Protein chains: 2
Amino acid sequence: MKKATIHDIAERLNVTASTVSRALNGNPRISETTRKAVLKAAKELDYEPNQVASALRSGKTQLIGMLVPSINRAFFSSIIKGVEEVANSLNYRVIVSQSSEVLSNEENAVKAFLNARVDGIIASIGKNTQHFDHYEQVLDRGLPLVLFDRTTPFLQTSQVVIDDYQGAYLATTHLIEQGCRSIVHLTTERKIDIYKERYRGYLNALTDNNIEPDTSMVFSGNLQVEDGRVHCEALLKQERKFDAIFSASDYAAIGAMQVLKENGFKIPDDVALVGFLNEPFTSFTDPPLTTVNQFPIEMGQTAANLFFNLLNTEKKKIRPKKTVIQPELVVRASSLKK
Amino acid sequence: MKKATIHDIAERLNVTASTVSRALNGNPRISETTRKAVLKAAKELDYEPNQVASALRSGKTQLIGMLVPSINRAFFSSIIKGVEEVANSLNYRVIVSQSSEVLSNEENAVKAFLNARVDGIIASIGKNTQHFDHYEQVLDRGLPLVLFDRTTPFLQTSQVVIDDYQGAYLATTHLIEQGCRSIVHLTTERKIDIYKERYRGYLNALTDNNIEPDTSMVFSGNLQVEDGRVHCEALLKQERKFDAIFSASDYAAIGAMQVLKENGFKIPDDVALVGFLNEPFTSFTDPPLTTVNQFPIEMGQTAANLFFNLLNTEKKKIRPKKTVIQPELVVRASSLKK
DNA sequence: ATTAATTATGCAATCGATTGCACAAACAAA
DNA sequence: TTTGTTTGTGCAATCGATTGCATAATTAAT
């Protein structure tokens with residue numbers, strides 16, 4: 001049994017498909033009588049619009065392409081959640097793809113989105129992406145493009161980021177307030193801005209509190225659990241004096257926590273710890289890890305709102321907008337002395 | 001500057017759009033000469049097929065609707081990841097929606113998928129869903145439907161689940177092998193099969209080892225962290241003797257772990273702990289939590305494979321297939337004595 | 001009663017790709 | 001030379017909804 005179309009409705013009422021289409025879309029040139037009849041017939045025939053046909057004619061698919069490095073990372077899946085919520089409420093659907101941080105995947109995903117004729121794209125660029133031609137194409141076609149978290153100044157388009165500088169500044173200041181003076185920083189060499197900003201926040205918090213930054217206290221790696229372990233073991237081996245670690249990632253912070261505990265250090269009394277990301281596991285460590293909340297769901301909602309802003313703005317009047325979300329320091333036992 | 005269509009290619013080569021279409025689709029009735037010319041022109045004009053037009057005519061959108069209770073839960077986002085990987089490699093895209101365990105959301109999402117004319121649906125049903133009309137509609141339309149994790153015997157369609165019974169059996173047996181005899185079980189009243197199966201696995205492991213099950217050792221709640229805490233506190237208050245807890249969820253296990261540690265119990269020596277899910281945080285607790293891995297990414301891949309199986313099978317020959325994934329006990333320090 | 005203005009609907013093209021059927025050209029067989 | 005195949009393309013309809021323009025029907029104005 002096939003789905004009813006507007007033609008079936010038209011036939012039953014002895015009108016044309018045009019009339020039915022207009023009636024269903026609330027066109028004011030249709031009489032109230034006809035409109036009611038159409039709506040009634042539509043219900044009786046269990047009519048549901050075919051969005052594919054509609055999309056072909058109107059050029060609007062009601063689809064948003066969403067590209068993330070990895071779907072199953074807490075941060076990204078929460079952003080997807082936020083985007084989905086807003087999109088859904090406005091009758092848009094979200095197509096997700098992942099780049100796995102590989103440029104060619106990223107390019108292919110964007111191309112696939114364009115072929116699927118999405119109405120626009122929301123994306124976070126890969127860690128190592130330096131070419132942006134594929135995104136330029138999106139803009140050239142006049143499609144809305146919103147970047148989140150990992151952005152680039154090379155693309156003139158709306159973006160949402162958190163204030164990484166502020167997050168790091170808050171974290172470091174908090175450690176100082178807890179009496180720490182020798183604060184280690186775990187970071188990465190990655191070219192994306194977010195880590196530079198966190199590093200800058202760390203440095204400024206130190207100098208603002210009259211603590212001389214010491215570059216030998218800054219360790220660069222991949223920010224994974226193992227990196228945290230390695231750096232921390234190196235610190236201990238060198239018998240360096242330090243009373244706190246601010247890690248640009250929760251994972252490295254956990255690695256450090258493990259090593260510290262294994263070596264009999266008390267957290268936070270001997271060494272206070274602060275991470276970054278507010279990964280779900282941070283509240284389950286022992287002690288629970290102080291970290292920086294990036295509000296990923298809200299970030300997703302914001303990205304979606306920016307998206308619809310672009311979508312509803314005349315092309316000529318579009319002015320890219322950058323939204324900066326203020327992060328929140330989540331203070332837990334790993335840094336709270338006394 | 002508008003996208004080129006097959007008509008533009010046709011015009012340039014003085015052939016018709018039919019020929020171009022056939023050439024691009026590898027129809028053997030097109031001469032090699034023409035095919036090459038078409039391919040060349042397509043490249044020069046930067047032609048990309050319009051999938052919307054193709055979808056309208058062919059009835060295939062290359063879209064899969066994927067419905068999960070919540071996008072940002074590790075288990076579900078990993079399943080999405082697995083589905084996306086397979087789908088992507090076969091040139092399909094995945095639309096995601098979340099039900100938030102609310103029936104009306106579930107119904108709306110399915111309806112939205114149908115309106116978007118997806119080629120089929122992969123879904124996990126809501127915790128409280130007892131009506132399946134919306135899924136029946138999918139089947140009535142002859143669309144592939146694959147259910148995963150949370151399924152129902154009321155729908156005749158392919159599904160992927162893990163062997164919850166076996167997971168629980170392994171977990172409980174492991175505790176017994178570690179010398180435990182009084183094993184508490186944390187579960188839920190929910191109507192979905194998975195918890196019943198885990199309970200059954202727990203019981204059978206006990207009786208198979210000549211341990212008399214004691215229903216007063218079984219606690220039912222929501223399986224969240226707080227529930228684990230509450231149940232554990234109750235146990236301690238009643239001064240019940242127990243030497244292990246097998247929780248049907250990692251969250252409740254963590255709650256219990258917290259309470260035990262707060263009360264000076266040694267884990268695993270005084271009480272051994274095993275959870276279920278293999279949530280990412282379980283490796284970061286202290287001690288790390290023994291748990292049951294459900295292989296969610298593999299489950300997603302399997303679901304996708306079942307989906308394409310259905311898609312490529314003649315309607316008449318379709319025989320729903322149930323795939324059962326064998327879980328793995330991930331033994332960590334929370335249960336490993338000595 | 002005639003004209004003008006308004007209102008409701010129909011006609012037909014369009015979006016871009018696909019496909020059954022027809023047909024011309026080229027070639028082979030008789 | 002005639003008939004029969006094979007091969008490569010074209011024609012035109014189709015998928016279902018949308019929309020500019022035309023027109024019929026109704027009402028208002030003169």
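Quick caveat, the model's predicted, so the values are computed rather than measured. We name chains A, B, ... by the order of the sequence lines, and we start the count at 1 in each one.
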Expressed as a whole number of angstroms, how long is the span from A/Gln62:CD to D/dG16:P?
19 Å

Base, sugar-phosphate or nothing for A/Val15? Non-hydrogen atoms, less than 4.0 Å.
sugar-phosphate

What nucleotide among C/dT18, D/dT18, C/dC11 has an atom nearest to a side-chain atom of A/Ile6?
D/dT18

Side-chain heavy-atom pair A/Val83, A/Ile80 within 4.5 angstrom cut-off:
no

Could you check how far CG of A/Asn14 sits from P of C/dG10, rounded to whole Å?
9 Å

Stepwise side-chain contact (heavy atoms from CB on, under 4.5 Å) check, B/Leu13 with B/Thr34:
CA-CA 9 Å; B/Leu13 300 177; B/Thr34 310; over 6 Å; no

Presence of B/Ser31 side-chain N/O under 4.0 Å of D/dT7 phosphate oxygens OP1/OP2
no

Under 3.5 Å, is there an N or O donor on one side and an acceptor on the other linking the side chain of B/Ser18 and the base of D/dC11?
yes

Student check: side-chain heavy atoms of A/Thr61 and A/Gln51 closer than 4.5 Å
no

Spacing between A/Asp8 atom CG and D/dC15 atom P, to the nearest angstrom
11 Å

Quick one: the side chain of A/Arg29 and the base of C/dT7, do they pair up donor-acceptor inside 3.5 Å?
no

What is the distance, to the nearest angstrom, from the CG atom on A/Leu24 to the P atom on D/dG16?
15 Å

Classify the side chain of A/Thr5 versus the base of D/dC15 as yes if they form a donor-acceptor pair under 3.5 Å and no if they do not.
no

B/Asn27 CG to D/dG10 C1', in whole Å, measures 13 Å

Determine: side-chain N/O of A/Asn25 to OP1/OP2 of D/dA17, distance under 4.0 Å, yes or no.
no

Would you mind reading off the distance between B/Arg35 atom CZ and D/dT7 atom C1', rounded to a whole angstrom?
13 Å

Hey, is the side chain of B/Ser54 poking within less than 4.0 Å of OP1 or OP2 on C/dG16, counting only N and O atoms?
no

Euclidean distance, atom CG of residue A/Asn50 to atom P of D/dT18 [Å, nearest integer]:
10 Å

Could you measure the distance from the CD atom of A/Glu107 to the OG1 atom of A/Thr129? Nearest 0.5 Å is fine.
8.0 Å

Decide yes or no, distance alone: a donor-acceptor N/O pair under 3.5 angstrom between the base of D/dG20 and the side-chain of A/Arg22.
yes

Can a side chain N or O of A/Thr16 be found less than 4.0 Å away from OP1 or OP2 on C/dG10?
yes

Taking only side-chain N and O atoms of B/Ser21, does any of them lie within less than 4.0 angstrom of OP1 or OP2 on C/dT18?
yes

Does D/dT9 have its OP1 or OP2 closer than 4.0 Å to a side-chain nitrogen or oxygen of B/Thr34?
yes

Residue closer to the 5' end of DNA chain D, B/Ile30 versus B/Leu56 (nearest nucleotide)
B/Ile30

Before accepting this row, confirm whether a basic side-chain N of the pair A/Glu84/A/Lys81 lies closer than 4.0 Å to the acidic partner's carboxylate O.
no

Does the side chain of A/Leu67 reach to within under 4.5 Å of the side chain of A/Tyr135, using non-hydrogen atoms?
yes

Interatomic distance where CZ belongs to A/Arg117 and P belongs to C/dC15 [whole Å]:
13 Å

